[in-house]
Amino acid sequence: MRYSELLLPTLKENPAEAEVVSHRLLLRAGFIRKLTSGVYSYLPLGLAAIRRVENIVREEMNRAGAQELLLPMVQPAELWRESGRWAKYGPELLRFSDRHQRESCLGPTHEEVITDLVRMNVHSYRDLPLNLYQVQTKFRDEIRPRFGLMRGREFIMKDGYSFDADEAGAEITYKKMYDAYQRIFKRCGLKFRAVEADTGSIGGSFSHEFMVLADTGEDTIVACRGCDYAANLEKAAGTEPEKDDVALLELEKVATPGKKKVDDVCSFLGITPENLVKTMIYIADDAPVAVLVRGDHEVQEVKLANLTGAVDVRLATDDEINAHTGVPAGFLGPVDLNVPLYADREVMAMANFVVGGGAADIHLKNVNPGRDFTPEAVADLRTVTVADRCPRCGAEFDFVRGIEVGHIFKLGTSYSDAMKARFLDRDGREQVFVMGCYGIGVSRIVAAAIEQNHDDDGMIFPLPLAPFKVALLNLALKDEEVTAACEKLYDDLEAAGIEVLYDDRNERPGIKFKDADLIGLPYRLVLGKKFPESGGIEVRTRRGESFSLPYDGAVKIIAERIAGELAATMAD
RNA sequence: CGGGGCGUAGCGCAGCCUGGUUAGCGCGCCUGCCUUGGGAGCAGGAGGUCGGAGGUUCGAAUCCUCUCGCCCCGACCA
């Protein structure tokens, strides 16, 4: 492509609306423009980068036995009522009525549509397993869209859905998708990690998130230094605590006037937070529950939600605490508490600890579980800390930041049950499909790639995702010899199948260098006024390597290097 | 939805507090000259319902009310 003919409006200054680096660079480099909040137009280079991702995704999905189709974006409300999500999904689902007052919505995801399609057309175990996917624009009316392509309301997603005859088949399909995802992100040239994840509101039994590692990521990943265990912060667990065998001391009431905070109580009583248990009141779907965790630990609300089965879990306000327990906040304790009590498993391993006394200005010392109180349930209910160790191998954890770009779920039969999607098995019996779903944020990957790979001058595209592999700069446009050499080089590169952006604009060298850096193509070839004398092409990679090549044979060498780098991303 | 902030040329901003005659600056854009290895220089030029509506006033970008849009901080998710 000739730069002179390309719509590539680069910006010298940072747009005020862009906070994060990928958003800033995508705007500055002329990849995207905002239409309205969370909705972007993809300009030619932005689209080219997206196409690179899509193609890798398609190749690997097809290789894994999935078939591409394209489902409608507008979906009827009936389907969502059938699955129960019309009521459950909330305002993120953009709803509207058509001219006949038929209720409809824009698809934020396509479980209903695909389940409907399959139940209407697949009736036999002989047609299973079936794995279908699409690459499509999704719309979710996000509460707060932000960070450009990172969290738009409209975004491009690959979503896939599998249908198996039984659990065992679904497990195999899940594993296949897991492997395909590993290949996809490797081929994108990104540093990433698959982590165990909470299944969240989509439901299901098992789930992995694929995270692109970047300091600016919104999610925290807990990764083991010793083995390949990794999980997101909501899911991560440490080792099972071991109970010390110590003599139980006698329960003792102590006055702690005005000491509400953990730190205040500890310094007042001369203990450390490890010897104190705090009692937190949460509102789980309108019902109060109490949670016990060690003084220096934090309740993980997602774990609590899973234990209680509640959709919404939040910390109670001081007024709510008082109303439900009759105890002022700060002095709550598990002894004689009148709301359902859950304990983090760590608490059960502790002995002779301090808790709130169940009345103002009183705490209890030498409290012991089993003797002084008995929780309704014990579970891992807290967020892991740096002090925790890997549950698999006992090694230390690293906490790193990541951007979620893929998520795979074993769905089970929740949708097929709700929507009566059934087939006949070998014995002629009706069975429901066992489903899985598999998402990849295609447009988000482009943002994540930039977030992970950039410097002060601009983007640094991983080769497989670069909209062009090579930038060819003609710095002496009026020199006929140089221009002729550039033109030929441009043609030869294209003929060799290398996408090249030929900067043939009548601009000063500085502008061409700056734009090339900003766009971040992997290879930059420069021909200037020195060329007729030297006969050499100056090559510089966007990561800083530079060398020169003789004009003749340069295309072959570049082509080989590129082929070699691409092959490396494909290797197992 | 709660909290904070911003809407003035394609982009970045000043002007507003303390109302006043033609609304400014930098970048970008157009023309010409000149220049050509890291966002040059000179000269000329185009481009604005000051987000919108209403009000106060002799007079509103500026003050008041309402409204729309956008951005940032918290609860969702690819």
Side-chain angles (χ1 to χ4, degrees), chain A residues 9-20 23-24 27-28 30 33-39 53 57 88-93 108-110 135-160 181 185 197-202 207-212 218-219 232 234 301-302 305 311-315 402-409 437-448 457-458 473-479 482 505-518 524 526-531 538 540:
Chain A
T10 58
L11 267 26
K12 196 180 280 188
E13 289 172 274
N14 279 325
E17 69 184 51
E19 195 76 4
V20 300
H23 189 195
R24 237 176 12 234
L27 287 167
R28 278 195 57 204
R33 286 294 182 264
K34 188 180 69 184
L35 210 218
T36 182
S37 178
V39 178
V53 177
V57 169
K88 261 202 297 200
Y89 213 94
E92 204 169 279
L93 183 64
T109 175
H110 284 70
V135 176
Q136 206 224 27
T137 296
K138 295 280 188 278
F139 192 93
R140 293 182 190 172
D141 202 354
E142 291 279 345
I143 297 160
R144 186 154 88 84
R146 60 186 133 169
F147 304 154
L149 294 191
M150 208 78 112
R151 186 183 294 276
R153 295 149 83 208
E154 198 177 281
F155 57 98
I156 298 173
M157 178 171 167
K158 187 285 296 182
D159 50 325
Y181 272 46
F185 296 113
D198 185 76
T199 49
S201 58
I202 296 186
S207 170
H208 282 88
E209 286 174 352
F210 288 78
M211 315 287 286
V212 167
E218 287 186 90
D219 299 306
N232 66 21
E234 287 78 40
E301 295 182 11
V302 172
V311 174
D312 181 51
V313 166
R314 63 174 176 82
L315 210 50
I403 300 163
E404 184 187 353
V405 290
H407 203 159
I408 59 179
F409 294 88
C437 78
Y438 317 95
I440 291 183
V442 171
S443 43
R444 181 182 277 184
I445 285 178
V446 174
D457 293 317
L473 310 195
N474 180 349
L475 298 191
L477 206 66
K478 288 178 182 148
D479 184 317
V482 172
R505 294 174 301 167
N506 182 21
E507 294 287 357
R508 301 165 58 81
I511 289 176
K512 297 192 177 191
F513 285 131
K514 289 290 185 192
D515 278 334
D517 288 346
L518 181 60
R524 189 187 76 188
V526 174
L527 275 73
K529 64 183 179 200
K530 285 181 281 186
F531 172 74
E538 298 163 54
R540 190 180 170 86

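Here is how names work: the chains are called A, B, and so on, in the same order as the sequence lines, proteins then strands, and each is numbered from 1.
- A:Arg505 comes within 4.0 angstrom of nothing in the nucleic acid, heavy atoms only.
- As judged by a 4.0 angstrom heavy-atom cut-off over every strand, A:Glu507 is placed among the base-contacting residues.
- Among the protein residues, A:Lys158 comes within range of no part of the nucleic acid, since none of its heavy atoms lies under 4.0 Å from any strand.
- B:A23 is unpaired under the Watson-Crick or G-U wobble criterion, no partner having all donor-acceptor distances under 3.5 Å.
- Side-chain contact check for A:Tyr438 versus A:Lys158: some heavy-atom pair is nearer than 4.5 Å.
- Looking at A:Arg144, its side chain has no donor and acceptor atom pair within 3.5 Å of the base of B:C72.
- Between A:Ile440 atom CD1 and B:C77 atom P there is a gap of 19 Å when expressed in whole angstrom units.
- Between the CG atom of A:Asp479 and the P atom of B:G37 there is a distance of 13 Å, given to the nearest Å.
- Of the listed nucleotides (B:G12, B:A78, B:C72), B:C72 has the atom at the smallest distance from the side chain of A:Glu19.
- In terms of position on RNA chain B, the residue among A:Pro145 and A:Val442 whose nearest nucleotide sits closer to the 5' end is A:Pro145.
- B:C6 and B:C63 have their P atoms separated by 12 Å, with the value rounded to a whole Å.
- To the nearest angstrom, P of B:C77 lies 18 Å from CE of A:Met150.
- Separating the P atom of B:G52 from that of B:A9 is a span of 11 Å, rounded to the nearest Å.
- Residue A:Asp517 has its side chain nearest to B:G38 when only B:G37, B:G38, B:A75 are considered.
- Of the side-chain N and O atoms in A:Lys12, none sit less than 4.0 angstrom from OP1 or OP2 of B:C27.
- Across the C1' atoms, B:C13 and B:G5 are found 16 Å apart, a figure rounded to whole Å.
- Using Watson-Crick or G-U wobble geometry with both donor-acceptor distances under 3.5 Å, B:G44 finds its partner in B:C30.
- Looking at A:Glu13, its side chain comes within 3.5 Å of the base of B:G26 through a donor and an acceptor atom.
- As rounded to whole Å, 15 Å separates atom C1' of B:C27 from atom NZ of A:Lys514.
- Here A:Asp457 lies out of heavy-atom contact (under 4.0 Å) with every strand.
- Here the nucleotide nearest the side chain of A:Ala16, chosen from B:G12, B:C77, B:G37, is B:G12.
- Between the P atom of B:G37 and the CD1 atom of A:Ile511 lies a distance of 12 Å, rounded to the nearest Å.
- In this structure, the side chains of A:Ile408 and A:Phe210 come closer than 4.5 Å at one or more pairs of heavy atoms.
- Atom C1' of nucleotide B:A40 and atom NZ of A:Lys512 are separated by 15 Å, given to the nearest angstrom.
- Counting distance only, with no hydrogens placed and no angle test, the side-chain atoms of A:Arg24 and the base atoms of B:G12 include no donor-acceptor pair under 3.5 Å.
- Scanning atom types as modelled, one donor and one acceptor separated by under 3.5 angstrom connect the side chain of A:Glu538 and the base of B:G37.
- The gap from the P atom of B:A40 to that of B:G51 amounts to 32 Å, rounded to the nearest Å.
- Residue side chain A:Phe513 fails the stacking definition with respect to B:G39, as its ring centre and the base's six-membered ring centre are not both under 5.5 angstrom apart and under 30 degrees in plane angle.
- A:Gly528 comes within contact range of at least one nucleobase, with a heavy-atom separation under 4.0 Å.
- Across the P atoms, B:C73 and B:C30 are found 37 Å apart, a figure rounded to whole Å.
- Across A:Arg28 and A:Leu518, no two heavy atoms sit closer than the pair O-CD2, 3.5 Å.
- Within the 4.0 Å cut-off from OP1 or OP2 of B:C71, at least one side-chain nitrogen or oxygen of A:Ser37 is found.
- Between the side chain of A:Lys478 and the base of B:U36 there is at least one donor-acceptor pair of N/O atoms closer than 3.5 Å.
- Residues A:Ala447 and A:Met150 come closest through the heavy atom pair CB-SD, 3.9 Å.
- Residue A:Thr36 is in sugar-phosphate contact alone, with no base atom involved, counting any heavy-atom pair closer than 4.0 Å across all strands shown.
- Separation of the P atoms belonging to B:A61 and B:C17 is 12 Å when rounded to the nearest angstrom.
- Atom NZ in A:Lys34 sits roughly 9 Å away from atom C1' in B:G69 (whole-Å rounding).
- For the OP1/OP2 pair of B:A40 and a distance below 4.0 Å, the side-chain nitrogens and oxygens of A:Arg508 include at least one atom meeting the criterion.
- Not one N or O on the side chain of A:Arg444 forms a donor-acceptor pair closer than 3.5 Å with the backbone of A:Leu149.
- Nucleotide B:A53 is matched to B:U65 when pairs are restricted to Watson-Crick or G-U wobble geometry with both distances under 3.5 angstrom.
- Along RNA chain B, the nucleotide nearest to A:Arg540 and the one nearest to A:Met157 differ in position, and the one closer to the 5' end is contacted by A:Arg540.
- Residue A:Gly160 is classed as having no contact, given no heavy-atom separation below 4.0 Å to the nucleic acid.
- On the C1' atoms, B:U8 is 30 Å away from B:G2, given to the nearest whole Å.
- Between A:Arg153 and the choices A:Arg140, A:Glu142, A:Lys138, A:Arg144, the side chain to side chain contact (heavy atoms under 4.5 Å, CB included) rule is met once, by A:Glu142.
- Nucleotides B:A14 and B:G48 have their C1' atoms positioned 15 Å apart, rounded to a whole Å.
- Summarising the geometry, the separation between OH on A:Tyr438 and P on B:C77 is reported as 19 Å, rounded to the nearest angstrom.
- The base of B:G39 sits with one of its N or O atoms less than 3.5 Å from a complementary donor or acceptor on the side chain of A:Arg28.
- Within the shown strands, B:G5 is the pairing partner of B:C70 under the Watson-Crick or G-U definition, both distances less than 3.5 Å.
- Within the shown strands, nothing qualifies as a pairing partner of B:A75 under the Watson-Crick or G-U definition with both distances less than 3.5 Å.
- Contact detail for A:Tyr181 and A:Gly406: the closest heavy-atom pair is CE2-CA, 4.3 Å.
- Between A:Arg146 and B:C76 there is no side-chain polar atom (N or O) within less than 4.0 angstrom of OP1 or OP2.
- Judged by distance alone with a 3.5 Å cut-off, no donor-acceptor contact links the side chain of A:Asn14 to the base of B:G12.
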A:Lys12/A:Lys514 under side chain to side chain contact (heavy atoms under 4.5 Å, CB included): CA gap, chis, key distance, verdict: CA-CA 9 Å; A:Lys12 196 180 280 188; A:Lys514 289 290 185 192; over 6 Å; no
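- When each of A:Leu475, A:Leu473, A:Asn474 is checked for a side chain to side chain contact (heavy atoms under 4.5 Å, CB included) with A:Pro509, only A:Leu475 meets the rule.
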